[in-house]
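Report on the structure given below.
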Amino acid sequence: MKDQTDRPLAALRFTLPDLRAAFADGLPARAVMEEALARIAAVGDPGIFLHRLPDAELLAAADALGGRDPAKPLWGIPFVVKDNIDVAMMPTTAGCPAYAYTPVEDAFVVARLRAAGAIPLGKTNLDQFATGLVGTRSPHSPPLNALDPEIVPGGSSSGSAVAVAHGIVPFALGTDTAGSGRVPAALNGIVGLKPSLGALSASGVVPACRTLDTISIFATEIADAHEVFRIAAAYDPADAYSRAIPSPALAAPLPAPRIAIPDPQSLMTFGDTVQADAFAGSCAALAASGARVEEIDFTPFYDVARMLYEGAWLAERLTVIEELLARDPQAVHPVTRKVVEPAAGMSAADAFRGIYRLAELRRVCEPTLGTYDILCVPTIPTFYSMAELAEDPLVPNANLGTYTNFVNLLDLCALTVPTGARSDGRPASVTLIGPSGADAKLASEALRLLTHGQDKHAKASAEPSELTIAVCGAHMSGLPLNSSLTARGGRFLESIRTAPAYRFYALAGDPPARPGLVRETDGASIGLELWALPLPQVGKFLSEIPAPLGLGRVSLEDGRDVTGFVCEAIETPQARDITSFGDWRSYLASLG
């Protein structure tokens with residue numbers, strides 16, 4: 001990347017909270033658009049975009065937003081779109097010029113993001129017809145991996161992932177059928193969200209396997225990816241595969257989630273011991289944070305993964321390009337053609353045999369999926385270089401799907417999160433996998449369990465229109481008074497501890513039981529939760545707090561001071577000192 005540090009906004013982190021704060025301070029949307037364009041120039045990678053609007057049009061679009069509109073959650077936010085998703089009046093090619101068309105309407109999801117105030121910059125490169133996990137199966141120059149140009153960028157959503165990894169945009173749209181929203185995230189060190197099938201409409205999306213496809217979301221922050229998902233998610237009657245799947249806000253993580261990981265005998269890294277060590281470190285961190293991590297035989301899931309490029313689903317890919325292959329086979333990338341053409345010799349009977357076999361394997365996997373809250377896997381088994389791919393364009397691609405191919409076939413959702421660097425400096429990541437509809441749960445667990453690999457800014461934060469409130473007792477998630485927060489639009493932000501300056505008391509009085517947090521010279525660190533409450537609701541919330549409790553300033557272990565529940569010290573002689581328990585849940589557990 002070229003040196004552009006003399007730009008005034010060069011140091012501005014392109015995340016939703018940071019951009020909103022800048023807008024609230026008076027920064028115009030045009031300035032952010034100018035910075036995004038400057039970052040594109042600074043990166044200097046012509047392989048990222050297949051089409052981009054002229055600078056003048058993008059600046060005009062930013063100006064057209066007018067004054068800041070807090071009612072639009074993505075006001076002034078730039079984003080990019082994989083070139084198999086329609087953006088009105090931008091060509092859609094799916095990476096194949098002979099297939100190109102220019103839609104007059106946005107895809108359903110793009111329209112929802114625009115309505116929220118976001119501005120699409122352009123269309124990004126991909127493995128042609130979204131068939132590939134390497135990011136290089138394109139007639140155009142592929143984008144370079146944002147961390148190491150010698151490594152494949154990952155696909156098929158290569159351009160979208162690289163744009164986010166470079167900080168050009170805070171989020172991007174990809175698609176995911178076999179891992180295209182997760183593999184590029186792992187290879188570029190960012191977050192990749194593969195939503196529950198049907199939660200995001202596929203209207204205006206060129207299909208790969210229509211029954212398995214979903215739009216995916218890339219971001220640098222877990223909370224950002226989930227928020228974009230919530231904005232984009234809606235039932236679309238025009239999409240036959242759309243489903244009304246709830247998209248709740250982030251909630252408190254489970255107290256002790258049961259997480260399944262591949263046992264040493266079934267863990268597949270193709271000889272990459274560094275990758276195995278990095279995954280073991282992530283699992284140890286999960287266990288240290290309170291999760292119950294258990295090893296299982298992953299063979300049934302590998303059996304499902306192998307089916308994605310067999311029978312029914314390979315034939316499904318053929319339906320998209322069958323006419324083009326018959327009319328102009330040379331228009332299709334040679335590797336894509338080699339992958340898809342065998343489907344022409346398959347019969348309907350072959351497709352049904354595949355469907356039957358998947359049903360059998362799904363039944364084998366069901367006990368595991370019903371026993372554990374989450375599956376945790378390495379996102380990729382190993383890394384491949386551009387040189388290795390040039391020698392063998394098929395095997396590396398197949399291997400990269402080891403831990404991703406089965407997810408869509410089993411109707412699961414998944415979230416890829418970076419966990420720092422491996423011992424050799426390459427990016428480490430894991431993918432959390434859950435049942436359909438568990439998108440929010442995965443994000444909440446990732447925020448708590450994987451903070452060892454996340455930048456401190458990755459945590460969710462309150463908006464300018466919200467107040468951060470620290471709760472330490474009955475208002476915590478799952479406890480009797482939590483509805484006082486959620487009914488007023490409260491959002492869970494994170495679990496954290498106070499500075500070591502507080503005593504904790506169980507107060508006398510009628511149910512529900514309440515604790516008192518008192519700052520004292522011989523204090524300790526007490527566990528609590530941070531919630532964001534809309535400012536107009538704070539007064540009503542405060543009016544319901546009974547004496548001797550109230551809202552005051554609470555010091556946190558990370559140095560911040562926030563508004564939170566405090567107690568009048570005059571009440572402590574009649575209360576039980578429960579400081580040694582460390583938090584309210586532990587005290588309640590001691591009562592049986």
Side-chain angles (χ1 to χ4, degrees), residues 1-2 4 36-55 58 79-85 87 90-100 120-169 172-175 180-181 183-190 206 208 218 321 324 328-340 383-394 396-397 400:
M1 183 186 296
K2 301 172 185 176
Q4 298 288 325
L37 296 174
R39 294 183 183 191
I40 293 172
V43 170
D45 183 352
I48 295 176
F49 289 94
L50 295 185
H51 177 81
R52 187 167 65 78
L53 287 177
D55 292 3
L58 291 170
F79 72 107
V80 298
V81 180
K82 184 178 180 179
D83 190 31
N84 60 344
I85 304 171
V87 177
M90 292 188 194
T92 298
T93 73
C96 179
Y99 184 85
L121 296 182
K123 309 292 289 295
T124 54
N125 209 343
L126 70 159
D127 284 311
Q128 190 180 75
F129 293 111
T131 301
L133 292 174
V134 289
T136 63
R137 294 176 179 175
S138 171
H140 312 281
S141 298
L144 300 177
N145 184 293
L147 302 179
D148 182 353
E150 300 301 318
I151 299 173
V152 296
S156 60
S157 311
S158 53
S160 290
V162 169
V164 169
H166 277 303
I168 293 171
V169 289
L173 298 184
T175 59
S180 296
V183 170
L187 288 165
N188 290 276
I190 60 173
V206 178
F218 296 105
I321 60 173
L324 179 61
D328 185 7
Q330 298 307 310
V332 180
H333 191 280
V335 178
T336 306
R337 195 166 65 243
K338 186 174 182 178
V339 170
V340 176
F383 288 76
Y384 288 101
S385 67
M386 296 292 287
E388 289 172 314
L389 190 66
E391 293 180 5
D392 184 348
L394 296 178
N397 189 93
L400 286 173

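- Closest heavy-atom contact between R137 and V335: NE-CG1, 3.2 Å.
- If you check the side chains of D127 and T136, you find no donor sitting under 3.5 Å from an acceptor.
- A distance of 10.0 Å separates OH of Y384 from CG of L389, quoted to the nearest 0.5 Å.
- Between G95 and Q128, the closest heavy-atom pair is O-NE2, 3.1 Å.
- The shortest side-chain heavy-atom distance between F49 and I40 falls under the 4.5 Å cut-off.
- Judged purely by distance below 3.5 Å, without hydrogens or angles, the side chains of N125 and S138 pair a donor atom with an acceptor atom.
- Using a 4.5 Å cut-off on side-chain heavy atoms (C-beta onward), P142 and S158 make no contact.
- Panel note: side chain E388, backbone S385; a donor-acceptor pair is recorded below 3.5 Å.
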Exercise. How far apart are the C-alpha atoms of Y99 and D328, what are their side-chain angles, what is the distance that settles it, and do they pass the side-chain contact (heavy atoms from CB on, under 4.5 Å) test?
Worked result: CA-CA 10 Å; Y99 184 85; D328 185 7; over 6 Å; no
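- Annotation: the span from D83 atom CG to K123 atom NZ amounts to 4.0 Å, rounded to 0.5 Å.
- Nearest heavy-atom pair, S180 versus S157, reported as atom, atom and distance to 0.1 Å: O-OG, 3.1 Å.
- Listed here is the closest heavy atom pair of M90 and G122: SD-CA, 3.9 Å.
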For this session: Could you please spell out the steps behind the side-chain hydrogen bond (donor to acceptor under 3.5 Å, both in side chains) verdict for T175 and N84?
Result: CA-CA 8 Å; T175 59; N84 60 344; 3.2 Å; yes
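- Between the CG atom of L400 and the CG atom of L187 there is a distance of 6.5 Å, given to the nearest 0.5 Å.
- Residues A331 and A98 come closest through the heavy atom pair CB-CB, 3.6 Å.
- With rounding to the nearest 0.5 angstrom, the SG atom of C96 is 8.5 Å from the NE2 atom of H140.
- In terms of heavy-atom proximity, L144 sits nearest to D45 at N-OD2, 2.8 Å.
- Here the NE2-CG distance, from H51 to L121, works out to 11.0 Å after rounding to the nearest 0.5 Å.
- Remark: the K82 side chain and the T124 side chain contain no N/O donor-acceptor pair separated by less than 3.5 Å.
- Counting only heavy atoms from C-beta outward, the side chains of F218 and V80 never approach each other to under 4.5 Å.
- A distance of 4.5 Å separates CG in N145 from CG in N188, rounded to the nearest 0.5 Å.
- A heavy-atom distance below 4.5 Å is found between the side chains of I168 and I48.
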